[in-house]
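Proteins get letters first, then strands, A, B, ... in listed order; numbering begins at 1 in each. Since the structure is predicted, the reported quantities are computational estimates derived from the model, not experimental observations.
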Amino acid sequence: MKISQKEEFNKALLTWYHQEKRDLPWRRTSDPYYIWVSEVMLQQTRVDTVIPYYEKFIASFPTMESLAEAEEEHVLKHWEGLGYYSRVRNLQAGVKEVVGNYESKIPRTRAEILNLRGIGPYTAGAVLSIAYGVPEHAVDGNVMRVFSRLFMIEEDIALPKTKKVFEQRVMDVIDETDPSSFNQAIMELGATICTPNPRCLLCPVRDFCTAFEEGKQEELPVKTKKLKKKVMTIHSFAISEPGGKWLLRKRPAQGLLGDFWEFPQIECNPSMDSADALKSATGLVIEQGEAFAQFKHIFSHVTWHVEGYHAVLKDSSPIPEGYRFFSDEELELVPQSKPMSKLLMHLKNN
DNA sequence: AAGACGGGGTG
DNA sequence: CACCCAGTCTT
């Protein structure tokens, strides 16, 4: 989208929002304290989960004074099951600051409100814009997803510094006449339409979306995956031909063990018979499989539990593209993974 | 910049 | 089961 289209964009966005927005409890109030409570509850938590908690919390602590004076244990009880319990401890601490230092008036500037416990860049912007109508950015994961597509921003949203790019872009586009609706509309869009798997045909602003124009909406946002430890169970099939040759396949050039040769293998699905799984994954049809080896192999970020099966290929089985037979001599000449050579060693020794 | 913090929904 | 999600604080 071009910045010059700002006015048409905001008209389309806000019209859609006013028509389609969900009726949520915190959208029926303009009390800054209630907005604050809702925004804290909504951090990392779904709307449907929050609603009953919000109702009960507001009923029990209807004013900032009542929350400030309450026992922490009592407050915590109202958060039970919501998770991230430091949120509510920080909320109460922040409310105490407002009651004690700001005459129970939540500050109206980003710099001041950011000093409050539990209020970070997102919540600051959300409260300022929604409760006070101040044109401030409120950038969360949804906003980054939506804007990355609208403007084809391809920077990695997993990097903290990238958020500044989005905050600046929001400030360029935000509707100064109704910042509250603008911020909520972007988040509503991200929650209902511009989801990870976007439903572009329903989108009120797809005509402004650069990613949609170029068919790249599925590729955005760019987010490097955290390398979490992964554990997989792999079934490898040592399939031999009557002549004594082994059936191997080459791994993809890219990624782990690129271009290495290995036994046909599948990620083990416990609910499925191994031979059936092999057939559906590779097309190979085997007569039978007999377990002959089992070991663990650890790569940098993934642990394989390898189970080897000695199997006989059915006469009628197809040999898929990328598979070929190797004699023992030929095998010496091609690269193979550690799990592969371990299995081979096992076979030779037995 | 990376890790901790909870729980629930989803493919 | 891995991954995602309306973030903030600590290290």
Worksheet item: Are any non-hydrogen side-chain atoms of Arg169(A) and Phe151(A) less than 4.5 angstrom apart?
Response: yes
Practice prompt. With DNA chain B as reference, determine whether Arg87(A) or Leu159(A) sits nearer its 5' end, using the nearest nucleotide of each.
Written response: Leu159(A)
Worksheet item: Is Asn90(A) touching bases, backbone alone, or none of the nucleic acid, heavy atoms closer than 4.0 Å?
Response: sugar-phosphate
Fill in: Interatomic distance at P, dA6(C) relative to dG11(B), whole Å
15 Å
Discussion item. Using whole Å, what does the distance between atom P of nucleotide dT8(C) and atom CG of Leu42(A) come to?
Written reply: 12 Å
Discussion item. Would you say Lys223(A) places a side-chain N or O within less than 4.0 Å of OP1 or OP2 belonging to dC5(C)?
Written reply: yes
Would you be so kind as to tabulate the donor-acceptor pairs closer than 3.5 Å made by side chains of residues 107-116 of chain A, with sequence neighbours excluded?
{"unit_1": "Thr109(A)", "atom_1": "OG1", "unit_2": "Glu112(A)", "atom_2": "N", "d": "3.3"}
{"unit_1": "Thr109(A)", "atom_1": "OG1", "unit_2": "Glu112(A)", "atom_2": "OE1", "d": "3.2"}
{"unit_1": "Arg110(A)", "atom_1": "NE", "unit_2": "Glu136(A)", "atom_2": "OE1", "d": "2.7"}
{"unit_1": "Arg110(A)", "atom_1": "NH1", "unit_2": "Pro121(A)", "atom_2": "O", "d": "3.2"}
{"unit_1": "Arg110(A)", "atom_1": "NH2", "unit_2": "Glu136(A)", "atom_2": "OE1", "d": "3.1"}
{"unit_1": "Arg110(A)", "atom_1": "NH2", "unit_2": "His137(A)", "atom_2": "O", "d": "2.7"}
{"unit_1": "Arg110(A)", "atom_1": "NH2", "unit_2": "His137(A)", "atom_2": "ND1", "d": "3.3"}

Discussion item. I need the CD-P distance between Glu80(A) and dG6(B), as an integer number of Å.
Written reply: 13 Å
Discussion item. Parallel, tilted or perpendicular, judged at 30° and 60°: which one describes the rings of His78(A) and His74(A)?
Written reply: perpendicular
Worksheet item: Is any NZ, NE, NH1 or NH2 atom of the basic residue among Arg28(A) and Asp23(A) found under 4.0 Å from an Asp or Glu carboxylate oxygen of the other?
Response: yes
Worksheet entry | Distance, rounded to the nearest Å, where Met144(A) contributes CE and dC5(C) contributes C1' | 12 Å
Please tabulate the protein-to-nucleotide N/O contacts below 3.5 Å involving nucleotides 7-11 of chain B, giving atom names and distances.
{"unit_1": "dG7(B)", "atom_1": "OP1", "unit_2": "Tyr85(A)", "atom_2": "OH", "d": "3.4"}
{"unit_1": "dG8(B)", "atom_1": "N2", "unit_2": "Arg46(A)", "atom_2": "NH1", "d": "3.0"}

Fill in: Separation of atom CG in Asp48(A) from atom P in dC5(C), rounded to whole Å
17 Å
Response to the item:
Between OH of Tyr53(A) and C1' of dG6(B) the distance, given in whole Å, is 11 Å
Discussion item. It should be established whether Arg117(A) places a side-chain nitrogen or oxygen under 4.0 Å from OP1 or OP2 of nucleotide dT10(C).
Written reply: yes
Worksheet item: Does the separation of the ring centres of Phe237(A) and Phe263(A) fall below 6.0 angstrom?
Response: no
Response to the item:
Ile113(A) CD1 to dG7(C) P, in whole Å, measures 17 Å
Worksheet item: When rounded to the nearest Å, what value does the distance between P atoms of dG6(B) and dT11(C) take?
Response: 15 Å
Response to the item:
By nearest-heavy-atom nucleotide on DNA chain C, the more 5' of Leu116(A) and Trp26(A) is Trp26(A)
Worksheet item: Hey, would you say the Phe147(A) and Phe166(A) ring centroids sit under 6.0 Å apart?
Response: no
Worksheet item: Hey, does Val40(A) reach any base, or is it just sugar-phosphate, or nothing, if we go heavy atoms under 4.0 Å?
Response: nothing
Practice prompt. Ignoring backbone atoms, establish whether Arg145(A) has a side-chain N or O less than 4.0 Å from OP1 or OP2 of dA6(C).
Written response: yes
Item to complete: Determine the contact category for Ala191(A): base if any of its heavy atoms lies under 4.0 Å from a base atom, sugar-phosphate if only primed atoms, P, OP1 or OP2 are that close, otherwise nothing.
Response: base
Response to the item:
To the nearest angstrom, the CD1-P distance between Ile186(A) and dA6(C) comes to 13 Å
Item to complete: Assess whether side chain to side chain contact (heavy atoms under 4.5 Å, CB included) is satisfied between Ser274(A) and Tyr309(A), documenting all intermediate values.
Response: CA-CA 9 Å; Ser274(A) 291; Tyr309(A) 289 85; 4.0 Å; yes
Fill in: Whether Phe208(A) and Phe9(A) hold their rings parallel, tilted or perpendicular, with breakpoints at 30° and 60°
perpendicular
Discussion item. Just the rounded figure in Å: distance from P of dC5(C) to OH of Tyr122(A).
Written reply: 14 Å
Discussion item. Judged by each residue's nearest nucleotide on DNA chain C, which is more toward the 5′ side, Asn142(A) or Leu114(A)?
Written reply: Asn142(A)
